[in-house]
Each structure stands twice: as C-alpha cells, then as structure tokens.
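As structure tokens, the structure follows; a few thoughts come after it.
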Amino acid sequence: MQDSIAILGCGNMATALAVQMHAKYPQVTFHTFTPTFTKAQQLAQKVEGNAWKNLKDIPPSTSIYLIACKPQQFDDLAKNLIDVLPNDATVVSIMAGVKVDSICRKLKTKRVIRVMPNTPAQIGLGVAAIYFNNAITSNLKQKVSSLFAATSSVFTFDKEEQIDVITPFSGSGPAYIFEVARILIDKLTTLNVPPAQAQAMIKKTFLGASKLMDMSDQSPVVLRDQVTSKKGVTAQALEMLEKNNLEKIFGEALDEAYKRSKELNQ
Ligand SMILES: NC(=O)c1ccc[n+]([C@@H]2O[C@H](COP(=O)([O-])OP(=O)(O)OC[C@H]3O[C@@H](n4cnc5c(N)ncnc54)[C@H](OP(=O)(O)O)[C@@H]3O)[C@@H](O)[C@H]2O)c1
C-alpha cells in the first residue's frame, strides 16, 4: 500500500490505529494534525510521519483523511478542512454518532466511510465496525478494510444505523470490562491482598477468561456454567447479581449510551 493518510486528531484512538497501521504498512505516509500540535508531533514521531501546524500544508496528494477528533470538535475542524480537502479525497470518520450525511454536508464531500473501532486496536486486537457510503468503490473498500485489519477484527455493515447500534457494545465495550476489573481489584485489596498482586491476578483472570471464550466453541453461557457448581461459591455470587438486576442495569446503561450517540449527531 503506497497511500498517504492524514490523521486529524491524534488522541488515544487515532494513536492506537495509526501505530498498528504503520507497523503493518510501513510504506504508507502519515500526515498528522491537531490544533495544539503537540499530539500531532508525538504521533508523527511514532509513525515516522509529518506533523503539520496548518491543515492547508497537508500535501494535496493525500488520499485518505481520518477524522479522529471528538464529535463536539468536528464543527471547528470542518470549518477549516472544507477549504483544503481535495475533491477526490476519502473521509474516514471514527467519531461516535456523527452521520455520513452530516459529514458530507459539513465538508462538501462525497466519499465517506464510518468506522467504529475500539482501544484494543493498540495491540492489534481491536474490533472495527465499518460502513461504506455508496460513493466508495470496491477498491477503496478493500484498501480501507485492509488498513483496519492491521489493527482489528473487521465487521462490515450495510446500514449506517448499525454503526450507531453497535457503538455502545464494541466501541465502548472495553470500558465496561476495565470497570468490572477495577471493582474486583478494589474489593480484593480491601481483603488485605497487596494491591500489586490483586491487580496482577485480576488482569490474568480476565485474560484467561477472554482467551478461553475466544478459543472455545462453547457459548459464554456454557463457559459460565462450567464455573458454577450448584449451591457453590460462584452460584451464590451470580444469584446476588441476578437479584440486584445486573442485566437490567446493563440494558439501561447501553440504552443511555445509544441515546448519547444520537445526541452527538445534533
Ligand atoms: N477512545 C475510544 O475508545 C473510542 C472508541 C471508538 C471511537 N472513538 C472516537 O474517536 C474519536 C477520538 O476519541 P479519543 O478518545 O481518541 O479522543 P482524545 O484522546 O480526546 O483525542 C482527541 C484529539 O482530537 C484533537 N482535536 C481537538 N479539536 C480538533 C480540531 N478542531 N481539529 C482536529 N483535531 C482536533 C485533539 O487535539 P489536541 O491534542 O490538540 O487537544 C486530540 O488530539 C472520538 O470521536 C470518539 O467518538 C473513540
């Protein structure tokens, strides 16, 4: 792959993606931009790219523009980008909630791809959901899918709405795992297990359970039941979670997250 990619917004997610893409495709040229320049410089260093202080300085031969600022920052970016975005450029947005129509309108552009990645992309174990609008050729679909495959397992969706539906699940999903891990570590620490040991044990518990779930043919329900003897220790804990309506709490949290992604398009 010989392309040039502009990374506009160089925070956690953009860095995770660009570093893995660079590792797999070192011949791709990266151009980075952030308003404060610092993170653009840091990312450019990591991917042997060029950091720019002004959008207008990004070489016009750049074919892919990855929009990786926050949805709330997009209007500011769009106001400046609209004047310099080449007509034939492809815009790839990872912003949660921001619709293709809105991107096309604000940038006066036609080719837009929405991707919902997640942070395990930084170790090549992300999940990326992709939606291509109807101006994207099959060549471009293949190219962008390959770029993201360097970072993630890629799932393509035919309807844009599905990207918003999956965002609270795979996009935000790692945060729920980290939060449950935090709760277990904190509790274990209060039971006089040294914090470093508590952290290491819980991290490894999550690693083992995730790998087993990934490698096993069994469903999560079967794997859960294998841990749960009748009237045993685990059964007692699961019963308490059920009594306190864990499933309802998660359902409501996911619904709220979905509502938020709708608001972000406003
Ligand atoms: N984090 C996740 O797990 C995750 C998962 C899926 C999707 N996303 C999406 O990824 C995007 C970035 O999230 P993040 O967590 O990486 O955010 P972040 O760490 O806060 O990074 C945001 C970046 O955008 C830059 N920025 C701010 N205003 C800008 C502008 N006008 N033009 C260009 N760049 C601008 C910031 O620049 P400065 O450094 O100069 O402030 C910063 O580098 C969001 O749209 C989010 O919805 C994130």
Side-chain angles (χ1 to χ4, degrees), residues 5-21 30-47 49-58 62 64-85 89 91-100 102-103 106-107 112-131 148 151-155 157 160 162-179 254 257-266:
I5 304 178
I7 311 266
L8 312 181
C10 304
N12 298 318
M13 204 57 248
T15 301
L17 295 170
V19 167
Q20 288 295 321
M21 287 174 184
F30 289 94
H31 299 283
T32 62
F33 168 82
T34 56
T36 58
F37 194 56
T38 314
K39 284 192 181 168
Q41 269 182 314
Q42 287 166 354
L43 180 54
Q45 250 178 21
K46 287 184 182 152
V47 297
N50 313 300
W52 300 100
K53 283 191 174 149
N54 292 302
L55 287 168
K56 65 175 173 45
D57 295 330
I58 295 174
T62 305
I64 296 175
Y65 283 70
L66 181 76
I67 313 275
C69 60
K70 296 229 161 101
Q72 303 89 322
Q73 298 160 336
F74 177 55
D75 279 0
D76 264 354
L77 170 62
K79 268 183 232 153
N80 299 312
L81 183 59
I82 192 169
D83 294 328
V84 297
L85 187 70
V91 172
V92 179
S93 163
I94 63 164
M95 293 180 291
V98 183
K99 299 273 190 212
V100 164
S102 167
I103 296 167
K106 289 179 180 167
L107 291 178
V112 177
I113 299 172
R114 272 186 73 190
V115 182
M116 184 43 55
N118 67 14
T119 56
Q122 65 193 270
I123 53 164
L125 291 175
V127 165
I130 304 196
Y131 168 76
F148 278 89
T151 73
S152 307
S153 299
V154 171
F155 299 84
F157 289 90
E160 183 182 4
Q162 289 166 315
I163 300 294
D164 297 316
V165 169
I166 63 92
T167 296
F169 292 80
S170 61
S172 311
Y176 318 143
I177 311 285
F178 301 140
E179 176 62 359
L254 291 161
Y258 178 67
K259 268 194 229 160
R260 181 66 187 139
S261 81
K262 293 260 157 206
E263 285 166 14
L264 288 173
N265 191 46
Q266 303 307 313

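Both ligands and their constituent atoms are indexed starting at 1 by order of listing. Note that these values count all heavy atoms, side chains included, but never hydrogens, waters or copies made by symmetry.
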What side-chain donor-acceptor pairs closer than 3.5 Å can you find for residues 36-43, not counting sequence neighbours?
| from | atom 1 | to | atom 2 | distance (Å) |
| --- | --- | --- | --- | --- |
| Thr38 | OG1 | Thr36 | O | 3.3 |

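- Pairing each heavy atom of Ala128 with each of Val115, the nearest pair is CB-CG1, 4.0 Å.
- Regarding atom 48 (C) of ligand 1, its nearest protein heavy-atom neighbour is Met13 CG, 3.8 Å.
- By the criterion of a heavy-atom distance under 4.0 Å, the backbone of Ala68, and not its side chain, is placed next to ligand 1.
- Looking only at protein heavy atoms, the nearest one to atom 6 (C) of ligand 1 is Pro117 O, 3.2 Å.
- Which parts of ligand 1 touch Phe33 is read off a 4.0 Å heavy-atom cut-off, strictly below it: atoms 32 (N), 33 (C).
- Among residues at least two apart or in separate chains, salt bridge (Lys or Arg N to Asp or Glu O under 4.0 Å) pairs with a member in residues 164-178 are Lys99-Asp164, Arg114-Asp164.
- Of the protein's non-hydrogen atoms, the one nearest atom 3 (O) of ligand 1 is Thr119 CG2, 3.3 Å.
- Closest heavy-atom contact between Thr119 and Ala16: O-CB, 4.4 Å.
- Between Phe33 and Asp57 there is no side-chain heavy-atom pair separated by less than 4.5 Å.
- Shortest contact from atom 25 (C) of ligand 1 to any protein heavy atom: Gly9 CA, 3.6 Å.
- Residue Cys69 is tested with Leu77, Thr34, Asp76 for a side-chain contact (heavy atoms from CB on, under 4.5 Å); the sole match is Leu77.
- In this structure, the protein non-hydrogen atom closest to atom 39 (O) of ligand 1 is Lys39 CD, 3.3 Å.
- Of the protein's heavy atoms, Gly11 CA, 3.2 Å lies nearest to atom 21 (O) of ligand 1.
- Ligand 1 places these atoms under 4.0 Å from at least one heavy atom of Ala96: 45 (O), 47 (O).
- Geometrically, ligand 1 and Cys69 share a nitrogen or oxygen pair separated by less than 3.5 Å.
- Counting heavy atoms from C-beta outward, Val98 and Ile67 have side chains that stay 4.5 Å or more apart.
- Heavy-atom contacts of Asn12 reach the following atoms of ligand 1: 16 (O), 19 (O) (cutoff under 4.0 Å).
- Nearest protein heavy-atom contact of atom 35 (C) of ligand 1 is Pro35 CD, 3.3 Å.
- Using a 4.5 Å heavy-atom cutoff, the side chains of Ile58 and Tyr65 are in contact.
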Does the pair Leu17 and Ile94 meet the rule for a side chain to side chain contact (heavy atoms under 4.5 Å, CB included), with working shown?
CA-CA 10 Å; Leu17 295 170; Ile94 63 164; 4.2 Å; yes
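- Ligand-side atoms of ligand 1 in range of Asp76: 31 (N), range being under 4.0 angstrom from any heavy atom.
- Gln122 has its side chain out of reach of Thr15: every pair of non-hydrogen atoms, C-beta onward, lies at least 4.5 Å apart.
- At distances below 3.5 Å, at least one donor-acceptor pair connects side-chain atoms of Asn118 with backbone N or O atoms of Ser170.
- Remark: ligand 1 and Ala14 share no N or O pair separated by less than 3.5 Å (distance only, no angle test).
- Scanning the protein heavy atoms around atom 10 (O) of ligand 1, the nearest turns out to be Ile94 CD1, 3.4 Å.
- Of all the heavy atoms of Pro174, none lies under 4.0 Å from any atom of ligand 1, so neither backbone nor side chain is involved.
- Those atoms of ligand 1 with a heavy atom of Thr36 less than 4.0 angstrom away are 38 (P), 39 (O), 40 (O).
- By the 3.5 Å distance cut-off applied to N or O atoms, Met116 is not counted among the residues near ligand 1.
- Contact annotation for Pro71 and ligand 1: heavy atoms of both the backbone and the side chain come within less than 4.0 Å of the ligand.
- Selection from Lys79, Gln73, Lys70 by nearest heavy atom to atom 28 (N) of ligand 1 gives Gln73.
- Nearest heavy atoms, Thr32 versus Ala44: OG1-CB, 3.6 Å.
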